[in-house]
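The structure appears below as structure tokens.
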Amino acid sequence: MSSAPVAPRWDGGQTIFVDGSWIGGAATYERFDPSDTSRSTGRYAAATPEDVGRAYDAASAAQPSWAARTAVERGEVLTAAAEVLARDLERAARRLTADIGKPIRDARGEVLRAVATLRYYAGELLQPSGQNYPSAAADTMLMTVEQPLGIICAITPWNFPAAIPIFKLAPAIGFGNAVVWKPAEAASGSAVLLAEAFEQAGLPAGVLNLVTGRGSELSAALMGDQRLRGVTFTGSNAVGASIRQAVADRNVRVQLEMGGKNPAIVLRDADLRDAANQVTRAAMIAAGQRCTATSRVYVDRPVAEEFLAYLREAVESLVVGDPFDETTDVGPLASDAQAATVGEYLEIAAREHATIVAGDGAAPIGCFVRPTVLANVDPDSRLVREEIFGPVLVVEEVDGLDAALERANSSEYGLASAVFTRDLGAALEFVRRTESGLVCVNRETTGIESHVPFGGMKASSSLSRELGKAARDFFTVSKTVYMRVPPAGG
Ligand code: NAD
């Protein structure tokens, strides 16, 4: 393993990694600390379409020999990358916090999730691959074999700067593909550290290529390259739709994981204090900037008052402040732009005279917003229909499970949902009827494990699944082999 550079790449803007070399761009962009936006956190190379072309050249040149390595060898590189990240845990976690203001405890947890995912895929590569079938012909062996899809474009959001890229890069690289990766601008520093981890792990030049820069400016080059075989994207619905359209008339495999407006149902027999604590974590940790964050609660009318009291207590006990402080639960929003968006939703709440159950409904100060719980909101309000991506939760009273499910399922999104109840029958009914890809019973909607499939329903996803064994299906393609053995001596 080679060692990390002395000065961080973002000091000099050398943040494009193509064919094993770190290079600068024609221009740079600067990022700022969300907890004090006057403080620069780095200067990054803005890749051009020509840089993207070079990244595809490098990926195409490197992929065949990478695919020819054994699964054991490819797994060893994933394990080595996990070791680099685990060794540099503190540095990586602090970079996540500097990039997007994620509280340091959560940032450490996220880097450890990335490490675990790399280790998981190192093992998953050794699981059975392809199948044998009986043939109608006695002299024929009939089987399927898997091979890598080829050249993959990975496009990732800022809210999980380490975990989501690794959810994609570990299986894409592990199964023998080469990757052109475009991370979100806000997560550029974290992306550089991840690419360095693969470099230090001994990944051959060109297998992973990182292009930092603006998605809208690079879109045509990223999606238009004829060598592209698969796009794995996590981000907003608007960008997901544009990616789908950009490759619609070509045979490119597409995986889109997008937004959510995730409901939790609290029934009258639930442990109300526990439910309030779980919902609070799901809604407010990471300042609500998780695709699986709970943002709507439907509470059974007879217990609504008691539940709201517990919820207020739990939300108001959260420590809001400096994300580098070990005691902080909720840091700033990730950027000025994100704070402005959440501020607009708080203005809507004021205009529509929503009841403020917790928080103060005040405009963001810098990138900080107090965790806010709203009640008495019109079901057609944008506050109920749209993904806010901030620490804002809307609570509505309902009468029983049927009414709650109807309200919960009324969203265009279908990523995650939860029910809180001690009634096994109600829990099973919920599992059957809820319209979401991630279903939680007596548990927060957030927090996922890497060895099981993940993905949404309805507008939240292309319905392909990532993680677990599902990643094998996405990142490989099968061939059906009829192998006839000619008669001996014929
Ligand atoms: P975004 O869609 O704005 O950006 C995502 C990525 O797409 C970034 O790298 C961006 O640079 C790039 N991009 C932007 N325009 C592009 C274009 N025209 N062509 C190609 N790429 C382009 O999303 P975001 O603000 O980074 O992330 C927040 C969103 O991500 C939320 O909607 C959230 O729900 C969603 N999200 C979903 C999941 C999930 O697993 N379902 C997980 C995390 C985040």
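None of the values given here were measured: they were computed from a predicted structure. Just so you know, ligand 1 is whichever comes first in the structure, and atom 1 is the first atom listed for that ligand.
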Ignoring hydrogens, tell whether any protein atom lies closer than 4.0 Å to atom 4 (O) of ligand 1; use the non-hydrogen atoms only.
no
Give the contacting part of Met223 toward ligand 1: side chain, backbone, both or neither, where contact means a heavy-atom distance below 4.0 Å.
neither
Parallel, tilted or perpendicular: which describes the rings of Trp10 and Tyr44, with under 30° parallel and over 60° perpendicular?
tilted
Tell me the contacting part of Asn237 for ligand 1: side chain, backbone, both, or neither, using a 4.0 Å heavy-atom threshold, strictly below.
neither
Answer with yes or no whether Gln289 contacts ligand 1, where contact means a heavy atom under 4.0 Å from a ligand atom.
no
Side chain or backbone, does Thr234 bring an N or O within less than 3.5 Å of an N or O on ligand 1?
no
Please check if any side-chain donor atom of Tyr29 sits under 3.5 Å from a side-chain acceptor atom of Arg31, or the reverse.
no
Checking Trp22 against Glu199: is there a side-chain donor and acceptor pair closer than 3.5 Å?
yes
Is Glu466 in polar range of ligand 1, meaning some N or O pair under 3.5 Å apart?
no
Any N/O of Ser219 closer than 3.5 Å to an N/O of ligand 1?
yes
Under 3.5 Å side-chain donor-acceptor pair for Trp181 and Thr156:
yes
Quick one about Asn277 and Thr280 (side-chain donor to acceptor, distance below 3.5 Å, no hydrogens or angles considered), yes or no?
no
Taking atom 22 (C) of ligand 1 as the point of reference, which of Ile100, Val239, Thr341, Leu256 owns the nearest heavy atom?
Val239
